[in-house]
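Working notes, structure below.
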Amino acid sequence: MTGGRDLLISAGTASGKSEAAWLPMCSILARRREEDALARGVGAMVISPLKALINDQYGRLSELCERLELPVHRWHGDVASCRKSSLLRRPTGVLLITPESLESLFINHSDGIAGLLRALSWIVIDELHSFVGSARGAQLQSLLHRVEVLLGRRVPRVALSATLGDVASAARFLRPQDAQSVAIVSGTDGTDEIRLQVRGYVVPTPPVTAPAEPDDAARRTGSGGTGQDSVPSEIAQIADHLFRTLRERDNLVFANSRAAVETYAELLARRSREERIRTEFLAHHGSLAKDLREHVEARLRDSSTPVTAVCTSTLELGIDVGSVQAIAQIGSPLTVSSLRQRLGRSGRRPGTPAVLRVYVTEPQASDDVPPPDALRGELFQTVAMVELLLSAWYEPPHTAGLHLSTLIQQVLSVLAQRGGARAGELFDLLCGDGGFAGIGPSVFAQLLRDLGRHDLVRQEADGLLLPGARGEAHLNHYSFYAAFQTSQDHRLVAQGRTLGTMPVERPLAPGTLLVFGGRRWRVLAVDVEHRVIELVPSEGGGQPPSFPGNGSETADEVRRTMRSLYLSPEVPRYLDPVARDLLREGREVFHRFGHSRQQVFGWHEDALLFPWAGDRVMNTLLVVLARHGLSAGQDGLCLTVRGVSPLALWELIRDLAVSPQPDPVELATGVRVRARDKYDCYLGQELLSLAYAARALDVPGTWEVLSQVASLPPPAPQLLPRAW
DNA sequence: GACCTGCTGCGGGATG
């Protein structure tokens, strides 16, 4: 750590990698302070993605540094401002900070930041994988470069991470201009033994004459329950198994949505009260109020009573929750990396195995089941992800994004920091060899023109750029510092206490029943102006709110692995008997309908295309088909192309495969909704297409799929319905 | 099908 080189430490959860970085750093800083009593300034800055992680580490690091008499400081939104000003007056020791707070230092303490950081010897980035590829990661890269420009020298960067699928791309993220010089230290995984089971459940088909059932989507997320009696049987069965296996221990149950968390937490908590057992079942997700979440975390750390948290990815990163016995995952994992993180939350004590149970539901086989469901896609996706996990493969980050929205934020930030700047100066600092090195001068000039049109920036007669009126408005609001977008939600209040927030698209009528925080409530009143919903406890049923979401992207490698699982005769040992049956059924359907020889099929009036590729290729296919006047949508594993024969679709694919690949940006102009990130609304049509193409299209990957499909024999007309 | 993260300055009041 003395050589001034950048360092990437990749090691399993709970392997002590934080300490590996801290120990040498602290002893060097302590020695240096003895040698040079005048050395003033923060010696090391640790950048962390979560306030909760900073608070955890503040305790551990303070203990470590106490005997060295090396002060440790934390700086985030919950830290009192008097502590911040006292650090600015007397900067020393180690500083723990979030990217957003570092951003605010540049804007609100533009005079003090150079003095604060002038003695900086290292920048440590914790949980690097949580930044790579995102808007927040682009912001972090830009801030790292701005710190070095401010100090006029290179500052060694040390990054820590657990699930890096691709160490080379992590090194590129850490030091974009000089990735090959990054030293890499890889440790083995913390877990020696994994006990794993995948359990299958069959969703019964409702009788044809039954009254209106909750729609299919609601059933799948588990949000369809309206009371004890109407809980769908597969949800009741899964809850029953969770209850029996998890009672009397500390566990984490991961569900894929906040609505599913609420459903299972409420079912399990009610059962626990009814049977009067000690185990607490508590809900934990991002819309719950902070004090309720902290209560759950404290209950998990307290080893005197058993607690099981039902949660979303909120408990995925390294927040200390003590020792957890087992992990349950309801539904197929969303990504292999997140499955790895979740698994790493158990088996943290030496000699104790990590325990993981995955619960998968599939519809009952019948004549009406659409082909993708008959293939048992949920189960095959789960098995594919488990196999990839066991082979230590993780999703490579998507680093092609241009992050123009974040560049807009950085332009405004630099204008505020420096009190104005010239266009060339901005370009050199932010693009050039800065965080947005992929952006050329012409795109940057276009971006500035777009910003001028919206009054985010304005130009003086001498060419100096300043924030415009709307730019000032953004800069003066505290929401400016985060690079990511957040929505404005309604606050849920019961008996004077805030439970959390929920989005409300249609106003909730008083009297509506609701499940939230793992309990049942009735809406008493709605204050539209102040966006407050008042609740009272209720004995009735109710559903969790529907939360909006963007979803995640399934990788090419996952879909390729799924296809090879259909072709393989092997039955993994970790499947329970129902899951084995489902695996056998899926393979039988795959072969019966000729999926090994064909990728285009007929289904009623439509044609189905199975690309066996990731979501970015699936999306590109949709855009290409739309350009040829075809209306299509994605149904899990396949694209449904409406009102066209399979032969006609195959012929189109055959022609496309030999035609030149279209320009992605030109292709993107046909897409209606292209804005996604915080400041995308200020981009003109041209840059919106450029950003969309970089983020959401994979033309070469798509043309590989088209050639593959074209190389197969033409499909028989309407094969699927008749053979069904 | 649908995860998560973060931020300021100021005024008012309670506490040491």
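Letters A, B, ... are given to chains in the order of the sequence lines, protein chains preceding strands, and every chain is numbered from 1. What you see is a predicted model, and the numbers here were worked out from it, not measured in a lab. Heavy-atom basis, side chains included; hydrogens, waters and symmetry copies ignored.
Not counting sequence neighbours, the partners of A:D698 by the side chain to side chain contact (heavy atoms under 4.5 Å, CB included) test are A:D556, A:R616, A:V617, A:T620, A:P700. By the ring-ring contact (aromatic ring centres under 6.0 Å, His included) test, A:H398 pairs with no residue at all, sequence neighbours left out. Applying the ring-ring contact (aromatic ring centres under 6.0 Å, His included) criterion to A:Y692, with sequence neighbours excluded, gives no partner residue. For A:H109, the ring-ring contact (aromatic ring centres under 6.0 Å, His included) partners at least two apart in sequence or on another chain are A:W75. Remark: A:Y682 pairs with A:H454, A:H474 by the ring-ring contact (aromatic ring centres under 6.0 Å, His included) rule, at least two apart or across chains.
Note on A:S130: nothing from the nucleic acid sits closer than 4.0 angstrom, heavy atoms only. Heavy atoms of A:N256 sit under 4.0 angstrom from primed sugar atoms or phosphate atoms, though from no base atom.
Under a 4.0 Å N-O distance rule, the pair A:E395/A:R340 does not qualify as a salt bridge.
The phosphate of B:dG6 has neither OP1 nor OP2 within less than 4.0 Å of any side-chain N or O from A:R136. A sub-4.0 Å separation between OP1 or OP2 of B:dC4 and a side-chain N or O of A:T312 is present.
Nearest nucleotide to the A:R293 side chain, out of B:dG1, B:dC4, B:dT8: B:dC4. Here the side chain of A:L334 is nearest to one of B:dC3, B:dC4, B:dT5, namely B:dC3. The side chain of A:D615 lies closest to B:dG1 when the candidates are B:dG6, B:dG1, B:dC4. When each of B:dT8, B:dG6, B:dG1 is scored by its nearest atom to the side-chain atoms of A:S104, the top-ranked nucleotide is B:dT8. Residue A:H285 has its side chain nearest to B:dC4 when only B:dG6, B:dG9, B:dC4 are considered. For A:Y481, the side-chain atoms get nearest to B:dT8 when compared with the rest of B:dG6, B:dT8, B:dC4. Comparing atom distances between the A:S257 side chain and each of B:dA2, B:dG6, B:dC4 picks out B:dA2 as nearest.
Taking a 4.0 Å limit (strictly below) on heavy-atom distances, residues 73-87 of chain A reaches DNA chain B at A:H76, A:G77, A:K84.
Checking A:F480 against A:T314, the closest nucleotide of DNA chain B that is more toward the 5' end is the one next to A:T314. Two residues, A:S479 and A:G286, neighbour DNA chain B, and the one matched to the more 5' nucleotide by heavy-atom proximity is A:G286.
Going from atom CE of A:M618 over to atom P of B:dG1 covers 14 Å, rounded to whole Å. Here the P atom of nucleotide B:dG6 and the CD atom of A:Q409 are 15 Å apart, to the nearest Å. Atom CG in A:N108 sits roughly 13 Å away from atom C1' in B:dC10 (whole-Å rounding).
Within the 3.5 Å criterion, the main-chain N or O of A:T308 finds no donor-acceptor partner in the side chain of A:N251.
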